[in-house]
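Below is a structure I'd like to ask you about.
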Amino acid sequence: MGTLKRTKISDILSQPVIGEQVNIKGWVRTFRSNRFIAINDGSTINNLQAVVDFENFDEALLRRINTGACVSVIGKLVESQGKGQQVEVVVDELDVIGDADAEKYPLQPKKHSLEFLREKAHLRVRTSTFGAIYRIRHAMIFAVHKFFTEKGFYNVHTPIITGSDAEGAGEMFRVTTLDPTNPPKTEEGEVNYKEDFFGKETNLTVSGQLEVETAALALGEVYTFGPTFRAENSNTSRHLAEFWMIEPEMAFYNINDNMDLAEEFVKYLAKYALENCKEDLDFLNKRGIDEDKQKPQNERNELSLLERLEFVANNEFVRITYTEAIDILKNSKPNKKKKFQYLIEDWGADLQSEHERFLVEKHFKKPVILYNYPKNIKAFYMRANDDDKTVAAMDVLFPGIGEIIGGSQREERYDVLKARVDEMGIPEEDLWWYLELRKYGSAPHSGFGLGFERWMQFVTGMTNIRDVIPFPRTPDNAEF
RNA sequence: UCCCCUUUAGCUCAGUUGGUUAGAGCGGCUGACUGUUAAUCAGUAGGUCCUUGGUUCGAGUCCAAGAAGGGGAGCCA
């Protein structure tokens, strides 16, 4: 093997130097006609074709060029005589770095079902679809930090292990070092968490919001971007037990400023993807169109993936209050014809998926921000409006995904928040520090949470959230 | 957690009213092929029909329970 330094395929394809001697290393996608090796190294969705003259190579070596094998080739970059690619490498040296037994390697040069690939999560990243998803995921992570950095926000790491049970966003995973078969007991016979690692009950976080509020009331504009855990027994295409959430929190923002930021943020991400992930998005766009062709007319997307991204990047979101939404829904055809499973009758009802979908997908046909919800269906920390019936909450609803962002202006008035905490029976000893923020130099502030994987669903067009995170954690599944 | 659907070769699927030896395409293997693009052509191997129990002379097919996967709902991001 020569000593030539390895070049990434993306570099070769973006600035090809015809006649140059190159070394590429990657994984074999197919070996056609005993002559053409399609190699992918993950740097781009595109393969580089290596051309071998089989008379110059040992037959035993060529037999090891199987789909999935890792190879290194050295050769001259030339213009391709074939139609499918601009350039290719005429191979002088060929090495198999890692064999892949063709009889056992599960990925074949053909379309596999997403369900099958989920069971092969350690290998699915070697497919075009998942390679594209991983690369876009990285681009979106970067764009999140870029957006907030450009706006002067500070990233804050909030704790993953939390001692507060009051976040109120769902069931939590317990964190303990106690022996589950023989835990220490109190005199009353209950598990004695005073003897646990932290000297109290602890859980994995369900939200960094409460902690990040402390930073907002000092640094001004901050955000968290971290793992989040929900022990809900949710079995849907848009829920994970472990997911990543982006939670900006801003001092001196009211609910309108908050909605402005949320809209600007997702538009920025959509634009960033369109500008920086073109090849991967083109592939997923085509994939989506092919998928749609398999579906009945009424289940097809009206817009392609790229059109949906363009649409979000370039169109104003609709903003209506909960009350206005109820009026629209009450007078809607499906409500009058009793097509909704849950009919809208009175103000105050929580909106169901079917209602959100109607507003987003049928009535407005664009992203919708609903705000000013009834206070009794929302969390304790949301700021009470003057009408005494609603709170300054807002949800951003997206077609096909539903709620992608949930946020609110926070209650900054100590007395009002204290009364609300008491009213809802939340143990104050867990929240003393959160209440103290309102005692000392309190300020109006707002924030929201964006489910990163839900956003990834929108950007990639993947309909199951388990396909936009490398190793999904869901009820009854923590493989890998 | 609830409702619905699915489970047959490595993968994607077909399998008639319950009937004798369970099929196809792709993939694998063997061979051919020096401009292929999920290469192509010829040949070939490959099955706990998800599991358990039941009905029946006879079950891939019917019934019951369970498991796994998918879709929808709730909860939410």
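Below, read A as the first sequence line, B as the second, and so on, with proteins coming before strands; counting in each chain starts at 1.
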Practice task
Could you measure between the two C1' atoms, the one in B/A59 and the one in B/C50, and give it in whole Å?
Solution key: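 Rounded to whole Å, the distance is 16 Å.
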
Practice task
Can you figure out which of B/G70, B/C33, B/G74 approaches the side chain of A/Ser33 most closely?
Solution key: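 So the side chain of A/Ser33 is nearest to B/C33.
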
Handout entry: A/Glu453 versus A/Gln457, side-chain donor and acceptor atoms under 3.5 Å
Key =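 Side-chain D/A pair, A/Gln457 to A/Glu453: absent.
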
Practice task
For B/U1, give its Watson-Crick or G-U wobble partner with both distances under 3.5 Å, or none.
Solution key: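 In the structure as shown, B/U1 has B/A73 as its Watson-Crick or wobble partner.
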
Handout entry: Base-contact (B) and sugar-phosphate-only (S) positions in nucleotides 3-15 of chain B, heavy-atom cut-off under 4.0 Å, - elsewhere
Key = -------BBS---

Practice task
Could you work out which one of B/U36, B/G70, B/A77 sits closest to the side chain of A/Gln49?
Solution key: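 Of the options given, the side chain of A/Gln49 lies nearest B/U36.
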
Practice task
Give a yes/no answer on whether the side chain of A/Arg63 brings an N or O atom under 4.0 Å of OP1 or OP2 in B/G31.
Solution key: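 It does, given that an N or O in the side chain of A/Arg63 lies less than 4.0 Å from OP1 or OP2 of B/G31.
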
Practice task
Kindly check if the number of other-residue, nucleotide or ligand heavy atoms within 6.0 Å of CG (A/Asp290) is above 12?
Solution key: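 More than 12 heavy atoms, drawn from other residues, nucleotides or ligands, come within 6.0 Å of this atom.
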
Practice task
Output yes when a side-chain donor or acceptor of A/Asn66 lies under 3.5 Å from a complementary backbone atom of A/Ala100, and no otherwise.
Solution key: yes

Problem - Polar contact flag, side-chain donor to acceptor under 3.5 angstrom, A/Tyr253-A/Glu221 - result: yes

Problem - B/A67 - base-pair partner by Watson-Crick or wobble geometry, distances under 3.5 Å - result: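 Check on B/A67: paired to B/U7, both distances under 3.5 Å.
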
Practice task
Identify whether any heavy atom of A/Glu354 sits under 4.0 Å from a base atom; if not, whether one sits that close to sugar-phosphate; answer base, sugar-phosphate or nothing.
Solution key: nothing

Practice task
Using the P atom on both, measure B/A24 against B/A14 and round to a whole Å.
Solution key: 16 Å

Handout entry: Distance, C1' atom - from B/A45 to B/C2, rounded to whole angstrom
Key = 46 Å

Exercise for the section: Establish whether the base of B/C76 is bridged to the side chain of A/Ser234 by a donor-acceptor pair shorter than 3.5 Å. Expected result: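 Not at all, since no donor on one side and acceptor on the other fall under 3.5 Å apart.
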
Completion exercise
Looking only at B/A77, B/U37, B/A73, the nucleotide nearest the A/Leu240 side chain is B/A77

Fill in the blank from the handout: From CZ of A/Arg454 across to P of B/C76 the rounded distance in Å is 11 Å

Exercise for the section: Spell out yes or no: do the side chain of A/Arg29 and the base of B/A38 have one donor N/O and one acceptor N/O closer than 3.5 Å? Expected result: no

Problem - Rounded distance in Å between the P positions of B/U16 and B/C62 - result: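 Approximately 9 Å lies between the P atom of B/U16 and that of B/C62.
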
Handout entry: Under 3.5 Å: donor-acceptor pair, side chain of A/His145, backbone of A/Phe142
Key = no

Problem - cation_pi(A/Lys267, A/Phe317) dist<6.0 Å, angle<=45 - result: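 Yes, A/Lys267 and A/Phe317 form such a contact.
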
Exercise for the section: Calculate the interatomic distance between A/Phe31 atom CZ and B/A32 atom C1'; express it in whole Å. Expected result: 14 Å

Handout entry: A/Asn34 side chain near B/G35 phosphate (N/O to OP1/OP2, under 4.0 Å)
Key =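 Answer no for this pair, as no side-chain N or O of A/Asn34 is under 4.0 Å from OP1 or OP2.
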
Practice task
Identify which nucleotide among B/C75, B/U36, B/A77 has an atom closest to any side-chain atom of A/Glu403, counting heavy atoms from C-beta outward.
Solution key: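 Per side-chain heavy atoms of A/Glu403, the pick is B/A77.
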
Exercise for the section: Have a look at A/Gly82 and say if it touches a base, only the backbone sugar-phosphate, or nothing, with a 4.0 Å heavy-atom cut-off. Expected result: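 Touches a base.
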
Practice task
Check whether any side-chain nitrogen or oxygen of A/Ser237 sits under 4.0 Å from OP1 or OP2 of B/G72, and answer yes or no.
Solution key: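 For B/G72, OP1 or OP2 has a side-chain N or O of A/Ser237 closer than 4.0 Å.
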
Handout entry: Residue matched to B/C29 through Watson-Crick or wobble contacts both under 3.5 angstrom
Key = B/G43

Handout entry: Rounded distance in Å - CZ (A/Phe265) to P (B/A77)
Key = 15 Å

Practice task
In whole angstrom, give me the gap between the C1' atoms of B/G35 and B/G27.
Solution key: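 Roughly 24 Å separates the two C1' atoms.
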
Practice task
Return no unless some side-chain N or O of A/Arg238 is found under 4.0 Å from OP1 or OP2 of B/A73.
Solution key: yes

Practice task
Please state how far atom CG in A/Leu107 lies from atom C1' in B/G28, giving the value in whole angstrom units.
Solution key: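 In whole Å, B/G28 C1' and A/Leu107 CG are 14 Å from each other.
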
Exercise for the section: Could you let me know what B/G19 is paired to, Watson-Crick or G-U wobble, both distances under 3.5 Å, or none if it's on its own? Expected result: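 Its partner is B/C57 (Watson-Crick or G-U wobble, both distances under 3.5 Å).
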
Exercise for the section: Please state the C1' separation for the pair B/G18 and B/G60 - nearest whole angstrom. Expected result: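 It comes out at 11 Å once rounded to the nearest Å.
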
Exercise for the section: Look at the rings of A/Tyr322 and A/Tyr373 and say which category their plane angle falls in: under 30° parallel, 30 to 60° tilted, over 60° perpendicular. Expected result: tilted

Practice task
To the nearest Å, give me how far apart CG (A/Leu62) and P (B/U36) are.
Solution key: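 Result: 19 Å.
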
Exercise for the section: Could you say whether the aromatic ring of A/Phe452 and the base of B/A77 stack, counting only centre distances under 5.5 Å and plane angles under 30°? Expected result: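 Aromatic stack with B/A77 absent for A/Phe452.
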
Exercise for the section: Quick one: sort the A/Tyr223 and A/Phe148 rings into parallel, tilted or perpendicular, breaks at 30° and 60°. Expected result: parallel

Practice task
Using both distances under 3.5 Å as the test, list the Watson-Crick or G-U wobble partner of B/A38, or none.
Solution key: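 Base-paired to nothing in any strand shown.
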
Problem - Donor-acceptor contact below 3.5 Å, side chain A/Glu247 vs main chain A/Gly208 - result: yes

Practice task
Taking atom C1' in both B/G43 and B/G69, compute the distance separating them and give it to the nearest angstrom.
Solution key: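 Pairwise C1' distance, B/G43 against B/G69, rounds to 36 Å.
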
Handout entry: Test item: A/Arg287 side-chain N/O and A/Thr129 main-chain N/O as donor-acceptor pair under 3.5 Å
Key = no

Exercise for the section: Check the distance between B/C2's C1' and A/Glu232's CD and give it to me in whole angstrom. Expected result: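 In whole Å, B/C2 C1' lies 15 Å from A/Glu232 CD.
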
Exercise for the section: Tell me what A/Glu247 touches on the nucleic acid: a base, only sugar-phosphate, or nothing, going by heavy atoms under 4.0 Å. Expected result: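 The residue A/Glu247 makes no contact with any strand.
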
Practice task
Considering only atom P, compute the distance from B/U44 to B/U48 and round it to an integer number of Å.
Solution key: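 Those two atoms are separated by 22 Å.
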
Exercise for the section: Measure from CD1 on A/Ile37 to P on B/A38 and round the result to the nearest Å. Expected result: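 Rounding to the nearest Å, CD1 of A/Ile37 and P of B/A38 are 17 Å apart.
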
Practice task
Establish whether the base of B/G74 is bridged to the side chain of A/Ser353 by a donor-acceptor pair shorter than 3.5 Å.
Solution key: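 Answer no: no donor N or O sits under 3.5 Å from an acceptor.
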
Exercise for the section: Taking atom CD of A/Glu79 as the centre, report whether more than 12 heavy atoms of other residues, nucleotides or ligands fall under 6.0 Å from it. Expected result: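 For A/Glu79, atom CD is not crowded (no more than 12 foreign heavy atoms under 6.0 Å).
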
Practice task
Return the 5'-most residue of the pair A/Gln341, A/Leu450 with respect to RNA chain B, ranking by each residue's nearest nucleotide.
Solution key: A/Gln341

Handout entry: A/Thr228 side chain near B/A77 phosphate (N/O to OP1/OP2, under 4.0 Å)
Key = no

Problem - Among B/U36, B/G28, B/A77, the one nearest A/Phe36 by side-chain distance - result: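 My answer, after comparing the listed nucleotides, is B/U36.
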
Practice task
Tell me what A/Lys104 touches on the nucleic acid: a base, only sugar-phosphate, or nothing, going by heavy atoms under 4.0 Å.
Solution key: nothing

Problem - Options B/G35, B/G71, B/C76, nucleotide nearest the side-chain atoms of A/Asn464 - result: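 Nearest nucleotide to the side chain: B/G71.
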
Problem - Whole-Å distance separating the CZ atom of A/Arg466 from the P atom of B/A68 - result: 13 Å

